[in-house]
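As the structure is a prediction and not an experimental result, all values here were calculated from the model. Residue numbers start at 1 and run along the sequence shown. Hydrogens, waters and symmetry mates play no part in the numbers below; they use all other heavy atoms, side chains included.
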Amino acid sequence: MVAGVDSQKGFFYTDWAAMTVNDWVGLLMNVIIFLLMFAAYWYVFHPRNKEKLEKQRYLPDEDDDREDSEERK
């Protein structure tokens with residue numbers, strides 16, 4: 001047997017029956033956040049959405065400029 005294989009199995013072993021409510025909530029949150037991040041990355045980096053996102057590129061700067069000009073009045 002290869003050295004370290006048993007220790008790796010022990011390291012990655014999960015006792016599903018012994019998981020508490022907090023463990024399940026944490027697992028569920030991690031999976032949901034992973035899926036949302038994957039969807040966000042796919043949306044942002046998909047070539048079809050480039051033009052739509054480029055139109056909003058300077059939107060935060062324009063809002064700041066508008067607020068500055070209103071304060072000066």
Tell me, please, which residues at least two apart from [X] pass side chain to side chain contact (heavy atoms under 4.5 Å, CB included).
X     : answer
Ile32 : Leu28, Leu36
Val31 : Leu27, Leu35
Met29 : Val25
Tyr13 : Asp15

With clusters defined by side-chain heavy atoms of hydrophobic residues (ILVMFWY) lying less than 4.5 Å apart, directly or transitively, does Met37 cluster with Phe45? yes

Does any pair with a residue in residues 41-54 pass salt bridge (charged side-chain N to carboxylate O under 4.0 Å, His left out), and if so which ones, sequence neighbours excluded? Glu54-Arg57

Could you give all pairs that pass the side-chain hydrogen bond (donor to acceptor under 3.5 Å, both in side chains) test and reach residues 19-45, with sequence neighbours left out? Thr20-Asp23

